K.L.:
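One structure, pasted below without further comment.
So you know, we letter chains A, B, ... as the sequences are listed, proteins then strands, and number each from 1. Because only heavy atoms are used, hydrogens play no part in the values below, and waters and symmetry mates are left out as well, while side chains stay in. Because the structure is a prediction, the values reported are computed rather than measured.
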Amino acid sequence: EAGVTQSPTHLIKTRGQQVTLRCSPISGHTSVYWYQQALGLGLQFLLWYDEGEERNRGNFPPRFSGRQFPNYSSELNVNALELEDSALYLCASRYNLGGGNTEAFFGQGTRLTVV
Amino acid sequence: AQRVTQPEKLLSVFKGAPVELKCNYSYSGSPELFWYVQYSRQRLQLLLRHISRESIKGFTADLNKGETSFHLKKPFAQEEDSAMYYCALSGNGGYNKLIFGAGTRLAVHP
């Protein structure tokens, strides 16, 4: 069974540009989570999608946005890139049982560098 | 508000020594707690969850609701335990996010 896949693996962008990151969840998983992992800051929760809807978002500005498609894959968009957006962006998928107690599976991440 | 605190960024021990990685949480309802681990050059993966009450790779964790803690313990550390460990919390019910602490790096020396 394929795991969570993210693309691209690495990306270099210039300040002010826009970027789109992609995530394909494990088959059957309806929930997709996005996290930002900046150096020394752990995993900062960005967004949570389930069944095509945004269910929750973290304390990030509106230039961080995303969506989930009918096949449950997801995109994370970041507009007007800033230097501090440089980080590893992780996607995780989970089967939503209606409770919280299911394992989240992580992708390998997209390393974004803003110059 | 949901919050997970891991007070130690780095825990350094010798092989065979006991290990305790601390995790405290803040949540107004009944939380579900997890420990995730990231070995070098591998993906983040689940180590254990409180509801299963299981021991994985010799690690255990007990949920203490009075102290709002979920510390990860192992009586005898092994070199292969060296990794980044993250405590995570998810609220019960269908619409609660999964949040993580800042992580603790465990270094086990020979």
K.L.:
Side chains of Leu44(B) and Leu43(A): does their closest heavy-atom pair fall under 4.5 Å?
P.N.:
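In contact.
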K.L.:
More than 12 heavy atoms of other residues, nucleotides or ligands under 6.0 Å from NZ of Lys73(B): is that the case?
P.N.:
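Counting other residues, nucleotides and ligands, NZ of Lys73(B) stays at 12 neighbours or fewer.
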K.L.:
Need one label for Gln38(B): side chain, backbone, both or neither, based on atoms under 4.5 Å from any heavy atom in chain A.
P.N.:
side chain
K.L.:
Pick whichever of Gly109(A), Ser31(A), Ala104(A) has the most heavy-atom pairs under 4.5 Å with chain B.
P.N.:
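With the most close heavy-atom pairs to chain B, the winner is Ala104(A).
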K.L.:
Should Phe59(B) and Leu33(B) be counted in the same cluster of Ile, Leu, Val, Met, Phe, Trp and Tyr side chains packed under 4.5 Å apart?
P.N.:
yes
K.L.:
Please evaluate residues Lys97(B) and Arg57(A) with respect to the criterion side-chain contact (heavy atoms from CB on, under 4.5 Å), reporting the C-alpha separation (whole Å), side-chain torsions for both, the decisive distance (0.1 Å), and the verdict.
P.N.:
CA-CA 8 Å; Lys97(B) 58 193 178 187; Arg57(A) 66 178 291 132; over 6 Å; no
K.L.:
May I ask you to check whether over 12 heavy atoms, not counting those of Leu10(B), lie within 6.0 Å of atom CG?
P.N.:
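Result for CG/Leu10(B): enclosed.
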K.L.:
Has Arg43(B) got a side-chain atom pairing as donor or acceptor with Gly3(A)'s backbone, closer than 3.5 angstrom?
P.N.:
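Not confirmed, Arg43(B) side chain does not pair with Gly3(A) backbone.
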K.L.:
So that I know where these two stand, are Tyr35(A) and Phe100(B) an aromatic pair - ring centroids less than 6.0 Å apart?
P.N.:
yes
K.L.:
Among residues at least two apart in sequence or on other chains, which ones pass ring pair (Phe, Tyr, Trp, His ring centres under 6.0 Å) with Tyr72(A)?
P.N.:
none
K.L.:
At what distance, to the nearest 0.5 angstrom, does CD1 of Ile99(B) lie from CH2 of Trp48(A)?
P.N.:
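Between atom CD1 of Ile99(B) and atom CH2 of Trp48(A) there are 12.5 Å.
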K.L.:
Please report the closest heavy-atom contact between Tyr33(A) and Leu98(B), naming both atoms and the distance.
P.N.:
CE2-N, 3.5 Å
K.L.:
Step through the shown structure and confirm whether more than 12 heavy atoms of other residues, nucleotides or ligands are within 6.0 Å of CZ on Arg63(A).
P.N.:
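Atom CZ in Arg63(A) is crowded, with more than 12 foreign heavy atoms closer than 6.0 Å.
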K.L.:
Counting only heavy atoms from other residues, nucleotides and ligands, does the tally under 6.0 Å from CG of Asn71(A) exceed 12?
P.N.:
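It does: Asn71(A) CG has more than 12 such atoms within range.
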K.L.:
Sort Gln37(A) into side chain, backbone, both or neither according to what part of it lies under 4.5 angstrom from a heavy atom of chain B.
P.N.:
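Side chain only.
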K.L.:
Can you tell me if CZ on Phe14(B) sees more than 12 non-hydrogen neighbours from other groups inside 6.0 Å?
P.N.:
no
K.L.:
Less than 6.0 angstrom separating the ring centers of Tyr36(B) and Phe105(A), yes or no?
P.N.:
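Ring-ring flag for Tyr36(B)/Phe105(A): false, centres at least 6.0 Å apart.
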